[in-house]
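Taking it in order: structure first as structure tokens, then the write-up.
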Amino acid sequence: MDITRIPLSRAAAGVLRVFADLGDLIFPRSCAGCGAWDTVLCAACARALCGQWQDVAARAPYLQYIRPADCAVHGLVRPGDPVPLFAVWSLGEYAGTRRRVIIRWKNAINRELTRTVAGIVRRRTFELAPMIADNVTAIDVVLAPSRPRRKRDGLFVAGHMAAAVASGLRDVGIDARLCDVLDAGRRRGDGLLTGRRQKTRGIGIGRGGLRGVPVLLVDDVVTTGATLAGCWEALRHMRDGIGYGEAYAPRCGGESGNERALARCRDVDVIGAIVLAAASDPRGRGEGDSVLRAPRAAYTGGVP
């Protein structure tokens with residue numbers, strides 16, 4: 001057959017297949033979960049990554065606030081009890097196959113693996129949407145910030161995951177918009193639980209704005225909840241539709257100008273967060289109650 005008579009799309013597809021085969025020969029693919037050849041994620045590991053949605057907010061100490069002594073009793077929740085700021089939906093534990101897949105995804109540029117994991121997140125968000133967005137018609141999907149270098153290197157997995165979550169919400173008819181409005185800043189924790197409080201204070205407002213609709217946070221893994229708490233703290237006094245440099249209204253009272261600014265400020269409604277995995281409860285790893293001191297100081301009676 002004369003190759004000039006082959007439609008361009010078929011010819012291009014054939015050339016791409018040849019180059020793909022050569023690429024697999026020179027740079028063989030392996031499953032991110034088990035190491036099986038000729039696939040970036042085998043069917044068994046994909047099923048393990050899918051997991052089952054569960055609310056893990058109670059396991060994240062930095063997402064707890066202590067109910068003030070003068071608040072009302074609601075069921076079994078009494079004054080002085082720690083209560084999560086919002087729900088955190090996770091697909092499972094940060095262990096085994098799920099942990100290996102996430103580490104591989106975070107530390108190597110692999111567009112095929114990104115497409116595969118994003119497809120799983122999109123399908124699972126479609127199933128979760130009725131639970132987290134009941135009677136909600138619009139949502140701003142806000143991704144947890146990361147260092148600029150990870151964005152430049154194509155390793156910003158929270159961004160890929162947030163885009164998949166927004167697509168899954170749109171699939172069920174929700175007007176979801178991806179919002180990259182947070183800045184990681186320069187503060188980083190030292191890896192210890194008590195050092196993670198620096199992350200809650202280092203997150204600020206970057207460029208862009210919100211629409212005044214409910215907000216859904218997205219991150220890859222939750223451990224102590226320090227990153228999500230920092231995101232919540234940065235967003236909760238952000239005014240609707242504002243841009244860089246106008247994000248924070250003054251929060252101290254006593255002066256008429258500040259009081260007027262506070263009156264114009266509207267709290268952002270964070271309805272929850274979605275993560276791929278949740279690490280084991282840090283309070284069960286010998287840290288005792290010390291990790292709760294920062295949330296206690298920050299959120300005692302300060303949450304409406």
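Since this is a predicted model, take the numbers as computed values, not measurements.
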Taking side chain as C-beta onward, heavy atoms only, is [X] less than 4.5 Å from [Y]?
{"X": "Leu235", "Y": "Val142", "answer": "yes"}
{"X": "Thr223", "Y": "Tyr94", "answer": "no"}
{"X": "Leu210", "Y": "Val215", "answer": "yes"}
{"X": "Val165", "Y": "Leu178", "answer": "no"}
{"X": "Trp89", "Y": "Asp55", "answer": "yes"}
{"X": "Ile174", "Y": "Thr137", "answer": "no"}
{"X": "Trp105", "Y": "Leu276", "answer": "yes"}

Would you say the side-chain atoms of [X] pair up with the backbone N or O of [Y], donor to acceptor, closer than 3.5 Å?
{"X": "Arg99", "Y": "Ala279", "answer": "no"}
{"X": "Asp140", "Y": "Arg211", "answer": "yes"}
{"X": "Gln54", "Y": "Glu93", "answer": "no"}

To the nearest 0.5 Å, how far apart are SG in Cys50 and CZ in Arg98?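 It is 9.0 Å, given to the nearest 0.5 Å.
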State the CE-CD1 distance between Met161 and Ile274, to the nearest 0.5 angstrom.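 Output value for this atom pair is 6.5 Å.
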[X] and [Y] ion-paired at < 4.0 Å:
{"X": "Glu112", "Y": "Arg29", "value": "yes"}
{"X": "Arg170", "Y": "Asp175", "value": "no"}
{"X": "Glu127", "Y": "Arg122", "value": "no"}

Check [X] against [Y] and note the closest heavy-atom contact, atom names and distance.
{"X": "Ile102", "Y": "Ala277", "answer": "CD1-CB, 3.7 Å"}
{"X": "Ala158", "Y": "Ala144", "answer": "CB-O, 4.0 Å"}
{"X": "Ala57", "Y": "Leu63", "answer": "O-CB, 4.5 Å"}
{"X": "Val172", "Y": "Leu169", "answer": "CG2-O, 3.0 Å"}
{"X": "Leu49", "Y": "Leu91", "answer": "O-CD1, 3.8 Å"}

Evaluate whether atom CZ of Arg100 has more than 12 neighbouring non-hydrogen atoms of other residues, nucleotides or ligands under 6.0 angstrom away.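 Yes, the 6.0 Å shell around CZ holds more than 12 heavy atoms from other groups.
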Please say whether more than 12 non-hydrogen atoms of neighbouring residues, nucleotides or ligands are located less than 6.0 Å from CZ in Phe86.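 More than 12 heavy atoms, drawn from other residues, nucleotides or ligands, come within 6.0 Å of this atom.
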Quick check on the hydrophobic clustering: are Met131 and Ile120 connected, directly or via other members, by side-chain heavy-atom contacts under 4.5 Å?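 Yes, because Met131 and Ile120 connect within a single hydrophobic cluster, where side-chain heavy atoms sit under 4.5 Å apart.
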Treat each ILVMFWY residue as a node, draw an edge where side-chain heavy atoms are under 4.5 Å apart, and state whether Leu182 and Val157 are in one component.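 No; tracing contacts between hydrophobic side chains, which count when under 4.5 Å, never links both residues.
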Ser90-Trp53 side chain donor-acceptor pair, cut-off 3.5 Å: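 No donor-acceptor contact under 3.5 Å links the two side chains.
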Asp183 vs Ile203, test: side-chain contact (heavy atoms from CB on, under 4.5 Å). Steps then yes/no. CA-CA 6 Å; Asp183 179 23; Ile203 296 175; over 6 Å; no
For Asp219, all residues meeting side-chain hydrogen bond (donor to acceptor under 3.5 Å, both in side chains), sequence neighbours excluded: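 Listed in chain order: nothing, the list is empty.
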